[in-house]
Engineer: 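The structure that follows is given in the form of structure tokens.
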Amino acid sequence: MTLAMSKGSSGGKVIVRHQEVEKILRLTSLNQVSCIVHRNQENQSAEATFILLGFSEYPELQMPLFLLFFTIYTVTVLGNLGMVMIIQINPKLHTPMYFFLSHLSFVDFCYSTVVTPKLLENLVVEDRTISFIGCIMQFFFACIFVVTETFMLAVMAYDRFVAVCNPLLYTVVMSQKLCSLLVSASYSWGIACSLTYTYFLLTLSFCGTNFINNFVCEHAAIVSVSCSNPYISQKIILVSATFNEISSLMIILTSYVFIFITVMKMPSTGGRHKVFSTCASHLTAITIFHGTILFLYCVPDSRSSWLMVKVASVFYTVVIPMLNPLIYSLRNKDVKETVKKLINVKLLCDKI
């Protein structure tokens with residue numbers, strides 16, 4: 001009886017062990033299959049290519065558009081790098097306002113350089129392909145600079161608030177340390193947001209050749225050709241972009257509400273005119289930049305037309321980086337005087 005029970009229990013143990021082994025093997029095989037599928041998805045994404053359609057549906061406009069965008073890019077490069085150089089060489093411009101303006105010009109130059117050369121190339125060549133890595137890198141750097149510009153404009157609004165509302169404490173409050181900290185924070189937040197967006201974009205899989213109905217690797221256009229569900233990536237960028245837009249606009253609006261109240265209390269008309277003249281350039285740049293983004297992403301049905309998306313994308317990726325140095329230089333007496341001195345020195349050197 002004991003022997004039978006012993007044998008029975010031994011058989012039961014064997015059966016249990018056999019089932020455990022089968023379970024382990026089954027889990028192992030499932031893990032292996034999962035790893036293989038994941039590896040295949042990574043390989044497919046790495047081998048995927050994108051074709052930027054751009055404005056290819058208008059073949060007769062390819063050369064006129066090339067000339068237009070080439071002219072805009074040339075003005076952008078000369079204007080923004082020229083602004084940085086002018087601010088560096090003129091001691092009168094070594095103030096917090098111009099310190100922020102020099103970084104805004106640098107960001108505009110970088111932003112335009114990330115997007116425009118590829119746009120120009122695609123207007124003159126038949127092959128409009130861009131590799132998976134190339135597309136992701138363009139998206140990564142474009143995100144850095146657009147988020148940085150968003151908060152750089154907010155920082156400049158805060159600077160104007162301190163200058164107008166606390167003029168006696170301006171040099172104390174806007175110290176070199178604080179200015180450097182605000183600029184570093186803008187760049188750091190831009191990099192952090194871009195890394196987050198890019199990470200969740202890389203979790204998606206892409207297969208074969210994908211047609212992007214835009215001239216730039218924009219998030220919505222990229223996820224629209226993904227083989228996997230882009231829900232998480234879309235929600236992450238929606239929440240983050242909404243936070244960036246609302247927070248930066250709140251800083252800008254709050255700053256300018258206090259500026260407006262302070263200006264209205266000024267007794268002299270000349271003082272009011274001077275303040276409004278100083279702030280007009282910044283307000284113009286803010287209105288154009290945020291107005292375009294809000295129209296593109298917040299106005300109903302604005303994204304239903306791909307042509308509207310392309311035009312709006314051209315405006316805030318190509319045109320605005322050109323407009324900013326023109327807006328600040330044409331309305332700024334110190335900048336215009338520095339440019340005139342440089343031109344006079346150049347003419348004198350040529351005569352000698």
Engineer: Less than 3.5 Å apart, any donor N or O on the side chain of Thr317 or Ser313 sitting next to an acceptor on the other?
Structural biologist: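 Ser313 and Thr317 do not have a side-chain donor-acceptor pair below 3.5 Å.
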Engineer: Just grab all the disulfide (SG to SG under 2.5 Å) pairs involving residues 159-200, residues at least two apart or on different chains.
Structural biologist: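 Qualifying pairs, neighbours excluded: none.
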Engineer: Is there a donor-acceptor pair under 3.5 Å between the side chain of Thr74 and the backbone N or O of Phe70?
Structural biologist: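 Confirmed, Thr74 side chain pairs with Phe70 backbone.
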Engineer: Side chains of Asp159 and Tyr170 only: does a donor on one sit below 3.5 Å from an acceptor on the other?
Structural biologist: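 Short answer, yes.
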Engineer: Looking at Glu60, I want to see if its CD is surrounded by more than 12 non-hydrogen atoms of other residues, nucleotides or ligands under 6.0 Å.
Structural biologist: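 For Glu60, atom CD is crowded (more than 12 foreign heavy atoms under 6.0 Å).
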Engineer: Please say yes or no: joined through hydrophobic side-chain contacts below 4.5 Å, possibly via intermediate residues, are Phe289 and Phe315 part of one cluster?
Structural biologist: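 Looking at the clustering, Phe315 is in the same group as Phe289.
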Engineer: Using the ring-ring contact (aromatic ring centres under 6.0 Å, His included) criterion, which residues pair with Phe258? Sequence neighbours excluded.
Structural biologist: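 ring-ring contact (aromatic ring centres under 6.0 Å, His included) list for Phe258, sorted by chain: Phe161.
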Engineer: Return the orientation label for the His103 and Tyr187 ring planes: parallel under 30°, perpendicular over 60°, tilted otherwise.
Structural biologist: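 Plane angle over 60°, so perpendicular.
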Engineer: Looking only at non-hydrogen atoms, find the nearest pair between Ile212 and Ile222 and report the distance.
Structural biologist: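 Closest heavy-atom pair between Ile212 and Ile222: CD1-CG1, 4.2 Å.
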Engineer: With no hydrogens and no angle check, is any side-chain donor or acceptor of Asn80 less than 3.5 Å from a backbone partner on Pro321?
Structural biologist: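 Yes.
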Engineer: Is it true that a side-chain atom of Ser248 and a backbone atom of Glu245 form a donor plus acceptor pair closer than 3.5 Å?
Structural biologist: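 Answer holds: yes.
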Engineer: For Ala221, is there any backbone N or O sitting under 3.5 Å from a side-chain donor or acceptor partner on Ser224?
Structural biologist: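 Side chain of Ser224 to backbone of Ala221: a pair is present.
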Engineer: How long is the gap from NZ on Lys118 to CD on Gln138, to the nearest 0.5 Å?
Structural biologist: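 Between Lys118 NZ and Gln138 CD, I get 8.0 Å after rounding to 0.5 Å.
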Engineer: Would you check if Val318 and Tyr73 make a side-chain contact, meaning some heavy-atom pair closer than 4.5 Å?
Structural biologist: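 No - every pair of side-chain heavy atoms lies 4.5 Å or more apart.
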Engineer: Over 60° means perpendicular and under 30° means parallel, so classify the ring planes of His282 and Tyr328, tilted if in between.
Structural biologist: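 Tilted: the ring planes of Tyr328 and His282 meet at 30° to 60°.
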Engineer: Is there a side-chain contact between Asn244 and Ser240 in this structure, where contact means two heavy atoms from C-beta onward sitting under 4.5 Å apart?
Structural biologist: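 Answer yes - side chains close enough.
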Engineer: Does any non-hydrogen side-chain atom of Phe99 lie less than 4.5 Å from one of Val183?
Structural biologist: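 Val183 vs Phe99: side chains touch.
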Engineer: Hey, what do you get for CD1 (Ile246) to CD1 (Ile251), rounding to the nearest 0.5 Å?
Structural biologist: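 If we round to the nearest 0.5 Å, Ile246:CD1 and Ile251:CD1 are 12.5 Å apart.
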Engineer: Could you work out, with side-chain hydrogen bond (donor to acceptor under 3.5 Å, both in side chains) as the rule, every residue matching Arg128, not counting sequence neighbours?
Structural biologist: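 So Arg128 forms a side-chain hydrogen bond (donor to acceptor under 3.5 Å, both in side chains) with Gln62.
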Engineer: Evaluate the side-chain proximity of Phe211 to Val225: yes if any heavy-atom separation is below 4.5 Å, no if none is.
Structural biologist: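 Val225 does not reach Phe211 side chain to side chain.
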Engineer: Hey, do the aromatic rings of Phe132 and Phe206 have their centres closer than 6.0 Å?
Structural biologist: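 Ring centroids of Phe132 and Phe206 are less than 6.0 Å from each other.
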Engineer: Give a yes or no on whether the backbone of Gln88 and the side-chain of His94 come within a donor-acceptor separation of less than 3.5 Å.
Structural biologist: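 Between the backbone of Gln88 and the side chain of His94 there is a qualifying donor-acceptor contact (under 3.5 Å).
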Engineer: Should the heavy atoms of other residues, nucleotides or ligands under 6.0 Å from CE of Met250 be counted, would the total exceed 12?
Structural biologist: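 No - once you tally the heavy atoms of other residues, nucleotides and ligands closer than 6.0 Å, there are 12 at most.
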Engineer: Is Gln176 atom CD crowded by more than 12 heavy atoms from other residues, nucleotides or ligands, each under 6.0 Å away?
Structural biologist: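 Atom CD in Gln176 is not crowded, with 12 or fewer foreign heavy atoms closer than 6.0 Å.
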Engineer: Any heavy-atom pair between the side chains of Ile136 and Thr198 that's under 4.5 Å?
Structural biologist: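 Yes, close enough: below the 4.5 Å cut-off.
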Engineer: Count I, L, V, M, F, W, Y as connected when their side-chain heavy atoms are under 4.5 Å apart, and connections chain through other members. Are Val257 and Val162 then in the same cluster?
Structural biologist: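 Each belongs to a different hydrophobic cluster.
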Engineer: Strictly distance-based, threshold 3.5 Å: is any side-chain N or O of His290 a donor or acceptor partner for the main-chain N or O of Leu249?
Structural biologist: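 Flag not set: sc His290 to bb Leu249 has no pair under 3.5 Å.
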Engineer: Do you know the tightest heavy-atom contact between Phe145 and Val107?
Structural biologist: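 So the two residues come closest at O-CG1, 3.3 Å.
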Engineer: What I want to find out is whether Glu218 reaches Lys310 closely enough, with some N-O distance under 4.0 Å, to be called a salt bridge.
Structural biologist: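 The answer is no: the pair does not qualify as a salt bridge.
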Engineer: Do Ser247 and Phe151 touch side chain to side chain, with heavy atoms closer than 4.5 Å?
Structural biologist: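 Yes. Closest side-chain heavy atoms under 4.5 Å.
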Engineer: Tell me if a side-chain donor or acceptor on Ser105 pairs with a main-chain N or O of Leu101 at a distance below 3.5 Å.
Structural biologist: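 Confirmed, Ser105 side chain pairs with Leu101 backbone.
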Engineer: Tell me whether Ile232 at atom CD1 has more than 12 heavy atoms from other residues, nucleotides or ligands lying less than 6.0 Å away.
Structural biologist: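 Open.
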Engineer: Can you find a pair of side-chain heavy atoms, one from Arg160 and one from Tyr256, that are under 4.5 Å apart?
Structural biologist: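 In contact.
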Engineer: Do the non-hydrogen side-chain atoms of Tyr111 and Ile144 ever get within less than 4.5 Å of each other?
Structural biologist: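 No, too far: nothing below the 4.5 Å cut-off.
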Engineer: Has Ser186 got a side-chain atom pairing as donor or acceptor with Leu182's backbone, closer than 3.5 angstrom?
Structural biologist: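 It does hold such a pair.
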Engineer: Working to the nearest 0.5 Å, report the span between OH of Tyr197 and CD1 of Ile236.
Structural biologist: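 So the gap between those two atoms works out to 9.5 Å.
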Engineer: Any chance you could measure Leu78, atom CG, to Phe109, atom CZ, to the nearest 0.5 Å?
Structural biologist: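 The CG atom of Leu78 sits 10.0 Å away from the CZ atom of Phe109.
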Engineer: Indicate if Leu195 and Leu238 have the same hydrophobic cluster label, given that clusters are the connected sets of ILVMFWY residues with side-chain heavy-atom separations under 4.5 angstrom.
Structural biologist: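 Result: no, two separate clusters.
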